[in-house]
Undergrad: 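Below are the structure tokens for one structure; questions will follow.
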Amino acid sequence: MSPASRYTYLGPEGTFTEAALRTLPEAATRELVPMVSVPAALDAVRAGEAAAAFVPIENSVEGGVTATLDELASGAPLMIYREVLLPIAFALLARPGTRLDGVKTVTGHPVAQPQVRNWLAAQLPDAQWESAASNADGARLVQEGRYDAAFAGEFAAATYGLEPLVTDIHDAENAATRFVLVGRPARPAAPTGADKTSVVMWLREDHPGALLELLQEYASRGVNMMRIESRPTGEGIGQYCFSVDCEGHIADRRVGDVLMGLQRACQKVRFLGSYPRADERTPTLRPGTTDAAFEAAADWLTRCLDGRTT
């Protein structure tokens, strides 16, 4: 297939990322190419070798996936097209014939460890944990005999010739991971009424209340922030940018007004996209924050400028 029909994703085969990607209807008609890392998946899109990349961005237990947040904040600009939420439960996979009491070494992605820590402490208190590049890669390492067992999706067992010793492992109920489909910048899809907008912003200067001033851009327009995380810029200790998700679409007057305010106040703002929310929840708009309210305010200002005050 041509690059226009190719999606890359965080591999290898058998990751939760692949499972989430296959929930997209278009995945059935795309060439799905596993990559060794989040940066590799995104760089293939930047290089024109793939139409889009599918990567994890947020976990309900561990928070933001830093590799994804940092890659979206740096390098050639990319844009989020859509998101997927996938409930997460782990299985402990081992080679056939392995008994639970024989597991002395375990592996998995670093983000998995906080989600199974309590179970591991209770069931395998003496097992040694070693991190893998992904949960599926951990399963591959078990297949090769380098570890006794791996925490991965149960669906990965068949791919790597392993058997689940225990299934449905999770310390936190309703644990989920959020994934995003990322491509090169383009016109955002039309608003659905249940949308999310993502940006990265850099302070113009560090001073008391600097972050508060940016937060007020959202608050004063009644735009709900859904996530905010600081990430180091790499330019020195104390130098941070802020990754933010909010309710709404850039075409919504209140959200567009927020982005214009941020653009005036910040050193730099990177627009990462407006896209449908996976949970399809519509925001509750406060009085004075609808598009009609913004249009009425603009009309009032025009009348004032024309000397038609009331």
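Note: hydrogens, waters and symmetry copies are ignored here, and every other heavy atom, side chains too, is used. Throughout, residue positions are numbered sequentially from 1 according to the sequence presented. It should be emphasised that the depicted structure is a prediction, and the values quoted were computed from it without experimental measurement.
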Undergrad: Between the side chain of T302 and the main-chain N/O of A298, is any donor-acceptor distance below 3.5 Å?
TA: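 Yes; judged by distance alone, with no hydrogens or angles, the pair exists.
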
Undergrad: Does D279 have any side chain to side chain donor-acceptor pair (under 3.5 Å) partners at least two apart in sequence or in another chain, and if so, which?
TA: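 With sequence neighbours excluded, D279 shows a side chain to side chain donor-acceptor pair (under 3.5 Å) to R277, given in chain and number order.
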
Undergrad: Under a 4.5 Å cut-off applied to non-hydrogen side-chain atoms, are E18 and P34 in contact?
TA: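 No - every pair of side-chain heavy atoms lies 4.5 Å or more apart.
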
Undergrad: Under the rule for side chain to side chain donor-acceptor pair (under 3.5 Å), what residues qualify as partners of R281, not counting sequence neighbours?
TA: none

Undergrad: Using side-chain contact (heavy atoms from CB on, under 4.5 Å), reason through F242 and L203 one step at a time and then give a plain yes or no.
TA: CA-CA 9 Å; F242 297 90; L203 296 174; 4.0 Å; yes

Undergrad: Quick one: does L211's side chain get under 4.5 Å of I228's, heavy atoms only?
TA: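 Result yes, sub-4.5 Å side-chain heavy-atom pair found.
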
Undergrad: Rounded to the nearest 0.5 Å, what's the gap from CD on Q123 to CG on L100? Could you check?
TA: 7.0 Å

Undergrad: Which heavy-atom pair separates T107 from E130 by the least distance, and what is that distance?
TA: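 Taking every non-hydrogen atom into account, OG1-O, 2.6 Å.
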
Undergrad: Could you list all the side-chain hydrogen bond (donor to acceptor under 3.5 Å, both in side chains) pairs where at least one residue sits in residues 86-99, not counting sequence neighbours?
TA: R99-D101

Undergrad: Give every residue pair that meets the salt bridge (Lys or Arg N to Asp or Glu O under 4.0 Å) criterion with at least one member in residues 176-189, sequence neighbours excluded.
TA: E58-R178, E83-R178, R178-D245

Undergrad: Work out which heavy atom in L262 is nearest to a heavy atom in L214; give both atom names and the distance.
TA: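 So the minimum-distance heavy-atom pair works out to CD2-O, 4.0 Å.
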
Undergrad: Less than 3.5 Å apart, any donor N or O on the side chain of H207 or E213 sitting next to an acceptor on the other?
TA: yes

Undergrad: Taking the inter-plane angle between the rings of F179 and F54 on a 0 to 90° scale, is it parallel (under 30°), tilted (30 to 60°) or perpendicular (over 60°)?
TA: parallel

Undergrad: Search all heavy atoms of S274 against all heavy atoms of P188 and return the closest pair with its distance.
TA: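 Smallest heavy-atom distance, with atoms named: O-CB, 4.1 Å.
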
Undergrad: Where do A112 and N135 come nearest, in terms of heavy atoms and distance?
TA: CB-OD1, 3.5 Å

Undergrad: Do F294 and V223 share a hydrophobic cluster, counting only Ile, Leu, Val, Met, Phe, Trp and Tyr and linking them when any side-chain heavy atoms are less than 4.5 Å apart?
TA: no

Undergrad: Quick check for you: to the nearest 0.5 Å, what is the distance between F271 atom CZ and L259 atom CG?
TA: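 Rounded to the nearest 0.5 Å, the CZ-CG separation comes to 7.0 Å.
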
Undergrad: Supply the members, apart from Y275, of the Ile/Leu/Val/Met/Phe/Trp/Tyr cluster built from side-chain contacts under 4.5 Å; use none for a lone residue.
TA: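 Besides Y275, the hydrophobic cluster comprises L10, V38, L42, V45, V55, I57, L69, L72, L78, I80, V180, V182, V200, W202, L272, listed by chain and residue number.
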
Undergrad: Backbone N or O of C266 within a donor-acceptor pair of the R204 side chain at under 3.5 Å?
TA: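 Judged by distance alone, yes, a pair lies under 3.5 Å.
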
Undergrad: Between T233 (side chain only) and C241 (backbone N and O only), is there a donor and an acceptor less than 3.5 Å apart?
TA: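 It does not hold such a pair.
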
Undergrad: Under a single-linkage definition using a 4.5 Å side-chain heavy-atom cutoff for Ile, Leu, Val, Met, Phe, Trp and Tyr, are F16 and W119 assigned to the same hydrophobic cluster?
TA: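 Yes.
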
Undergrad: Within the distance-only criterion (no hydrogens, no angle test), does the side chain of S220 pair as donor or acceptor with the backbone N or O of Q216 below 3.5 angstrom?
TA: yes

Undergrad: If hydrophobic clusters are built from ILVMFWY residues whose side chains come within less than 4.5 Å, do I169 and L86 share one?
TA: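 Yes, one cluster joins them.
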
Undergrad: Do V199 and M260 land in one hydrophobic cluster if side-chain heavy atoms of ILVMFWY residues count as linked below 4.5 Å?
TA: no

Undergrad: Taking all non-hydrogen atoms of both residues, which atom of G14 and which atom of F155 are closest, and how far apart?
TA: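 Nearest pair, atom of G14 first, then F155: O-CE1, 3.1 Å.
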
Undergrad: Donor-acceptor pair, H249 side chain versus A189 backbone, under 3.5 Å?
TA: yes

Undergrad: Assigning hydrophobic clusters by single linkage (Ile, Leu, Val, Met, Phe, Trp, Tyr; side-chain heavy-atom cutoff under 4.5 Å), is M226 placed with Y218?
TA: no

Undergrad: Check the pair M225 / L215 against side-chain contact (heavy atoms from CB on, under 4.5 Å), numbers first and verdict last.
TA: CA-CA 9 Å; M225 297 178 66; L215 301 184; 3.6 Å; yes

Undergrad: Does atom CD of E280 have more than 12 heavy-atom neighbours from other groups under 6.0 Å away?
TA: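 12 or below, so no.
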
Undergrad: Any pair with a residue in residues 288-297 that passes salt bridge (Lys or Arg N to Asp or Glu O under 4.0 Å), sequence neighbours left out, goes on the list, sorted by first then second residue, please.
TA: none

Undergrad: According to side-chain hydrogen bond (donor to acceptor under 3.5 Å, both in side chains), does anything in residues 40-53 pair up with another residue at least two apart or in another chain? List the pairs.
TA: D43-R46, R46-E71

Undergrad: I'd like to know if the side chain of T17 reaches the main chain of Y9, judged simply by a donor and an acceptor atom lying under 3.5 Å from each other, with no hydrogens or angles considered.
TA: no

Undergrad: Residues in salt bridge (charged side-chain N to carboxylate O under 4.0 Å, His left out) with R117, at least two apart?
TA: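 If we apply the salt bridge (charged side-chain N to carboxylate O under 4.0 Å, His left out) test to R117, skipping adjacent residues, there are no hits.
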
Undergrad: Would you say that M201 contacts V244 through its side chain, given a criterion of any heavy-atom pair below 4.5 Å between the two side chains?
TA: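 They are in contact (side-chain heavy atoms under 4.5 Å apart), so the answer is yes.
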
Undergrad: How long is the span from the OG atom in S60 to the CD atom in E173, to the nearest 0.5 Å?
TA: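 It comes to 11.0 Å.
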
Undergrad: Give a yes or no answer on whether the side chain of T15 reaches the backbone of A136 with a donor-acceptor pair at less than 3.5 Å.
TA: no

Undergrad: Going from OG1 on T284 to CG on N224, what distance comes out if it is rounded to the nearest 0.5 angstrom?
TA: 9.5 Å

Undergrad: Among all residues two or more places apart in sequence or in another chain, which pass the salt bridge (charged side-chain N to carboxylate O under 4.0 Å, His left out) test with E62?
TA: none

Undergrad: Could you tell me whether the side chain of S134 and the main chain of G11 form a donor-acceptor pair under 3.5 Å?
TA: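 At least one qualifying donor-acceptor pair exists.
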
Undergrad: With a cutoff of under 4.5 Å between side-chain heavy atoms, which Ile, Leu, Val, Met, Phe, Trp and Tyr residues group with L162?
TA: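 Taking Ile, Leu, Val, Met, Phe, Trp and Tyr as members, L162 shares its hydrophobic cluster with L93, L141, V142, Y147, Y160.
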
Undergrad: Output the distance between atom CD (Q115) and atom CG (L120), rounded to the nearest 0.5 Å.
TA: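 Result: 13.0 Å between the selected atoms.
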
Undergrad: Restricting to pairs with a member in residues 250-261, which pass side-chain hydrogen bond (donor to acceptor under 3.5 Å, both in side chains), not counting sequence neighbours?
TA: R221-D257

Undergrad: Flag yes if more than 12 heavy atoms outside N174 fall under 6.0 Å of its CG atom; otherwise flag no.
TA: no

Undergrad: Got a donor-acceptor contact below 3.5 angstrom from the D195 side chain to the G193 backbone?
TA: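 A pair under 3.5 Å: yes.
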
Undergrad: Which Ile, Leu, Val, Met, Phe, Trp or Tyr residues join V33 in one cluster when any pair of side-chain heavy atoms under 4.5 Å counts as a link?
TA: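 Listed partners: M35.
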
Undergrad: Going through the checks in order, is the side-chain contact (heavy atoms from CB on, under 4.5 Å) test met by H109 and V65?
TA: CA-CA 11 Å; H109 191 275; V65 178; 5.8 Å; no

Undergrad: So which atom in V255 and which in C246 form the shortest heavy-atom distance, rounded to 0.1 Å?
TA: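 Distance-wise, the nearest heavy atoms are CG1-SG, 4.5 Å.
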
Undergrad: Between the main-chain N or O of A41 and the side-chain N or O of T8, is there a donor-acceptor pair closer than 3.5 Å?
TA: yes

Undergrad: Calculate, to the nearest 0.5 Å, the distance between atoms CD and CG belonging to Q239 and D206 respectively.
TA: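 One gets 7.5 Å once the value is rounded to the nearest 0.5 Å.
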
Undergrad: Taking E229 first and then R231, would you say they form a salt bridge - that is, a charged N and a carboxylate O separated by under 4.0 Å?
TA: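 No, no charged N to carboxylate O under 4.0 Å.
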
